[in-house]
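A quick write-up on the structure given underneath.
Values in this document were obtained by computation on a predicted structure and should not be read as measured data. Below, chains carry the letters A, B, ... as their sequence lines are ordered, and counting in each starts from 1.
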There are 2 protein chains.
Amino acid sequence: MNKNQSLPWDHPRFRSWIAVARACQLMQQSLGRSLAELEIKTPHLDILINLYRFEGISQQELARKLLVGRSNMSMLLPQMEKRGLIERRGDEKDKRVLRLFLTPEGREVTEKAMVIQTDLIERVLSPEPIEQCMAMAESMERIIHVLQQEDLVDED
Amino acid sequence: MNKNQSLPWDHPRFRSWIAVARACQLMQQSLGRSLAELEIKTPHLDILINLYRFEGISQQELARKLLVGRSNMSMLLPQMEKRGLIERRGDEKDKRVLRLFLTPEGREVTEKAMVIQTDLIERVLSPEPIEQCMAMAESMERIIHVLQQEDLVDED
DNA sequence: ACAATAAAGTACAACGATGAACAAAAATCA
DNA sequence: TGATTTTTGTTCATCGTTGTACTTTATTGT
């Protein structure tokens, strides 16, 4: 089991991925600090942005998009409803599902938060050529696709 | 405050970054599942890999490298010590610091875990040309640098 | 040398995320 | 139709992370 010849940090793709993970972690932390002024946290923003795009989505669908468990939504959404950011209405046709909507205040907070997030991304990513960003996005989307395929197989 | 003309998802760098974050999240989850067979979790692996590379590091230095708080290390490391993966020895010269070392078992587990992680990364990233991976790594390292600079300024 | 300050590590309370067990409502199918 | 299975959402116990306050040890400044 002598790995001296193939330590991970001699492995170019390994090093690349470590850098990706680190950058993500730092971005997340930085975003979290910037969002403090709106009194929301990054998980709330993820939810808000999805409701902004996909109004009337169910908790289940939202959880799937965010790659978290349903119970997570059951914990967070009632809080956000009490804060007046979102509203949950029962579906007429299927009484199991709760459909989610932004309140006017929620929409306002979301827009402010999206400005903060976009500014941060722009500020940090603008030194990178746009072609490089696009190429990166394509790589990442392929990676996402591969990993999600595997998840489906696991659930058999 | 009409954002209809500049929604974030029309913003190329925003879309790119969302893809990066999503890919990271999925990788983390996939790695977590694969590590279950070694009965460790991803935070433990981060620690083990750092001790593998930087033997004798202090808890403080380790926390800084991992971008987490000191208290986090104070919670995790005693657990890992009890499991026999690591050892903590007091520094002779500075009685405040505890220096961290892998036990033989810890080294063994680390090597197995690194194989798992490297295989996962290789499997998922191998469709991407190596030049693209290298370019991505360089971008990410620049991003890391920018964000860390800002952190230092904040701490003034 | 002595006081004040800084640094390393710990303890603890608060919060977020998770998975399992559960209730209610559909969907399936015999 | 009636029984079984699936789906949606909730509850709860557990675990990891964080920030704050605290102890001990070094360092700094006078």
- Query: Reading nucleotides 13-22 of chain C from the 5' end, what letters show protein touch, with B for base, S for backbone sugar-phosphate only, - for no heavy atom under 4.0 Å?
  - Reply: ---SSBBB--

Between atom [atom1] in [X] and atom [atom2] in [N], what is the gap in whole Å?
X	N	atom1	atom2	value
B/Q59	C/dT10	CD	C1'	9 Å
A/M80	D/dG9	CE	P	16 Å
B/R89	C/dG9	CZ	C1'	18 Å
B/D94	D/dA26	CG	P	5 Å
A/L98	C/dA23	CG	C1'	14 Å
B/K95	D/dT27	NZ	P	12 Å
B/L45	D/dG16	CG	P	15 Å
B/L100	C/dG9	CG	C1'	11 Å

- Could you tell me whether the phosphate oxygens of C/dT10, OP1 or OP2, come under 4.0 Å of any side-chain nitrogen or oxygen in B/R88?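 Looking at the OP1 and OP2 atoms of C/dT10, one of them is under 4.0 Å from a side-chain N or O of B/R88.
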
- Would you say A/Q60 reaches D/dT8's phosphate, i.e. side-chain N/O to OP1/OP2 under 4.0 Å?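 True: A/Q60 side-chain N/O within range (under 4.0 Å) of D/dT8 OP1/OP2.
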
- Name the nucleic acid region contacted by B/R64, choosing base, sugar-phosphate or nothing; use a 4.0 angstrom heavy-atom cut-off, strictly under.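 Here B/R64 touches no strand at all.
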
Report yes or no: does [X] contribute a side-chain atom to a donor-acceptor pair with the main-chain N or O of [Y] at less than 3.5 Å?
X	Y	answer
B/Q132	B/P129	no
B/S16	A/C133	yes
A/S30	A/L26	no

- Query: Hey, mind stepping through B/V20 and A/M27 against side-chain contact (heavy atoms from CB on, under 4.5 Å) and telling me if it holds?
  - Reply: CA-CA 11 Å; B/V20 172; A/M27 277 292 248; over 6 Å; no

- Count the heavy atoms of every other residue, nucleotide or ligand shown that sit under 6.0 Å from CZ of B/R15, and state whether that count exceeds 12.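 Counting neighbours around CZ of B/R15, 12 or fewer heavy atoms of other residues, nucleotides or ligands fall under 6.0 Å, so no.
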
- Is the CZ atom of B/R64 crowded by more than 12 outside heavy atoms at less than 6.0 Å?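 Atom CZ in B/R64 is not crowded, with 12 or fewer foreign heavy atoms closer than 6.0 Å.
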
- Task: Scan A/R88, A/R70, A/R99 and name whichever one has a side-chain hydrogen bond (donor to acceptor under 3.5 Å, both in side chains) with A/Q59.
- Result: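 Running side-chain hydrogen bond (donor to acceptor under 3.5 Å, both in side chains) over A/R88, A/R70, A/R99 with A/Q59 returns exactly one hit, A/R88.
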
- What about A/R96: does its side chain form a donor-acceptor pair under 3.5 Å with the base of D/dT7?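 Per atom types, the contact qualifies.
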
